[in-house]
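To start, the structure under review is shown below, and the notes come after it.
These numbers were taken from a predicted model, which means no experiment stands behind them.
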Amino acid sequence: MTDAPDTPATRALAASGIDHAVTVHGPVRSLEEAAVARGLEPWQILKTLVVRRGDGDFLMVLVPGDREISWPKLRELLGVSRLSMPDKDVARDVTGYERGTITPFGAEADPATGRPWPVIADALVVDRPGPVSIGGGAHGVAATVEPAALVAAFEATVADVTEPITPRTT
């Protein structure tokens, strides 16, 4: 561990009062490498995925590293028939972060309301034991936090919205 870099995420984490530890590591090429660098199991690494619900309407979904979004479950939870993931440029514009660094901590707010984008945490984020690691707003920067504190910080909706990762066939 080294001193935390100054990012909107690390500033927001410090201001939140949440107990956390910032880890700074070099580039990683896989979930497994990220887990080793952070001293955690792959399922403890959270992906923050930006989802478009409609025009100018986005939300963030916290997904354990060993899972992926179940689109039918997420659509049912939100009561919508269509959802999509924005391209990298839109995701950056909406959150202020590049893909691979997105986190709800310090993310841009909804310009229409000034409120943070809604956050949904998969139920496994809080059901599994131990801390989780979430992006710290820059490549190679992460924060380890307790899941309950993370959910409380964002008043996140906790729901079963993921499924095991489906192996890709070529």
Side-chain angles (χ1 to χ4, degrees), residues 4-24 34 38 44-65 67-128 131-163:
D6 184 30
T7 70
T10 57
R11 289 192 300 272
L13 271 158
S16 74
I18 293 173
D19 225 9
H20 67 281
V22 174
T23 303
V24 180
R38 299 175 193 181
Q44 291 175 288
I45 307 296
L46 298 184
K47 301 175 278 192
T48 303
L49 303 178
V50 179
V51 175
R52 181 191 334 252
R53 202 176 359 197
D55 189 33
D57 184 12
F58 299 89
L59 57 107
M60 296 184 191
V61 183
L62 305 180
V63 177
R67 310 278 293 180
E68 62 188 5
I69 289 177
S70 167
W71 293 104
K73 289 179 183 179
L74 187 57
R75 285 192 304 267
E76 182 178 341
L77 174 71
L78 297 171
V80 298
S81 60
R82 292 189 60 177
L83 294 169
S84 64
M85 293 189 66
D87 69 27
K88 65 183 176 79
D89 294 330
V90 172
R92 185 188 59 243
D93 291 346
V94 168
T95 65
Y97 296 117
E98 294 178 36
R99 278 208 181 136
T101 70
I102 296 172
T103 176
F105 288 104
E108 297 288 329
D110 178 346
T113 65
R115 291 191 305 258
W117 296 109
V119 175
I120 296 173
D122 183 64
L124 289 175
V125 171
V126 295
D127 288 348
R128 290 173 166 170
V132 293
S133 180
I134 191 162
H139 292 287
V141 181
T144 302
V145 299
E146 287 301 319
L150 176 63
V151 167
F154 296 103
E155 298 178 1
T157 300
V158 177
D160 175 14
V161 294
T162 67
E163 60 194 13

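Looking at every heavy atom in both residues, T48 comes nearest to T103 through OG1-CA, 3.9 Å. Nearest heavy-atom pair, T10 versus P5, reported as atom, atom and distance to 0.1 Å: OG1-O, 2.6 Å. Taking all atoms of both residues into account, the shortest heavy-atom contact from P118 to R53 is CG-NH2, 3.7 Å. Minimum heavy-atom separation, A107 to M60: CB-CE, 3.5 Å. Nearest heavy-atom pair across I18 and A153 is CD1-CB, 3.3 Å.
For residues 146-158, the set of pairs meeting the side-chain hydrogen bond (donor to acceptor under 3.5 Å, both in side chains) definition, not counting sequence neighbours, is empty. Listed by first and then second residue, the side-chain hydrogen bond (donor to acceptor under 3.5 Å, both in side chains) pairs that reach into residues 115-125 are D122-T162, sequence neighbours excluded.
Checked against side chain to side chain donor-acceptor pair (under 3.5 Å), R38 has the following partners two or more places apart in sequence or in another chain: H25, S133. Partners of R11 by salt bridge (charged side-chain N to carboxylate O under 4.0 Å, His left out), not counting sequence neighbours, listed by chain and number: D6. In this view, A123 and D127, V158 satisfy the side-chain contact (heavy atoms from CB on, under 4.5 Å) rule, not counting sequence neighbours. The salt bridge (charged side-chain N to carboxylate O under 4.0 Å, His left out) search around R67 returns none, not counting sequence neighbours. The side chain to side chain donor-acceptor pair (under 3.5 Å) search around D89 returns R92, not counting sequence neighbours. Annotation: side-chain contact (heavy atoms from CB on, under 4.5 Å) contacts of E98 (sequence neighbours excluded): T101, H139. Residues satisfying the side chain to side chain donor-acceptor pair (under 3.5 Å) test with D19, not counting sequence neighbours, are none. Remark: D87 pairs with no residue by the side chain to side chain donor-acceptor pair (under 3.5 Å) rule, at least two apart or across chains. Scanning for side-chain contact (heavy atoms from CB on, under 4.5 Å) contacts around K73 gives S70, D160, with sequence neighbours left out. Residues forming a side-chain contact (heavy atoms from CB on, under 4.5 Å) with R52 (at least two apart in sequence, or on another chain): F58, S84, P86, V90.
Panel note: side chain Y97, backbone A91; no donor-acceptor pair is recorded below 3.5 Å. Although no hydrogens or angles enter the test, the distance criterion places a donor-acceptor pair under 3.5 Å between the side chain of T7 and the main chain of G136. Judged by distance alone, the side chain of Q44 and the main-chain N or O of P131 form a donor-acceptor pair under 3.5 Å.
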Please test V132 against I45 for side chain to side chain contact (heavy atoms under 4.5 Å, CB included), starting from the C-alpha separation and ending with a verdict. CA-CA 6 Å; V132 293; I45 307 296; over 6 Å; no
For I69 and V161, run side chain to side chain contact (heavy atoms under 4.5 Å, CB included): C-alpha distance rounded to whole Å, both residues' side-chain angles, the deciding distance at 0.1 Å, then the answer. CA-CA 6 Å; I69 289 177; V161 294; 5.7 Å; no
Would V119 and L62 satisfy side chain to side chain contact (heavy atoms under 4.5 Å, CB included), going step by step from the backbone distance to the final call? CA-CA 7 Å; V119 175; L62 305 180; 3.9 Å; yes
Give the C-alpha distance, both sets of side-chain angles, the deciding distance and a yes or no for side chain to side chain contact (heavy atoms under 4.5 Å, CB included) between V145 and L13. CA-CA 10 Å; V145 299; L13 271 158; 4.3 Å; yes
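Residues V51 and L74 have side chains in contact (heavy-atom distance under 4.5 Å, counting atoms from C-beta outward). Contact of the P104 side chain with the T95 side chain is not registered, since no non-hydrogen atoms from C-beta on lie closer than 4.5 Å. Side-chain atoms of M85 and W71, non-hydrogen and from C-beta on, do get closer than 4.5 Å to each other. Residues L78 and I120 are in side-chain contact: their nearest non-hydrogen atoms beyond the backbone lie under 4.5 Å apart.
Open room surrounds CD on E76; 12 or fewer heavy atoms of other groups in view lie less than 6.0 Å from it.
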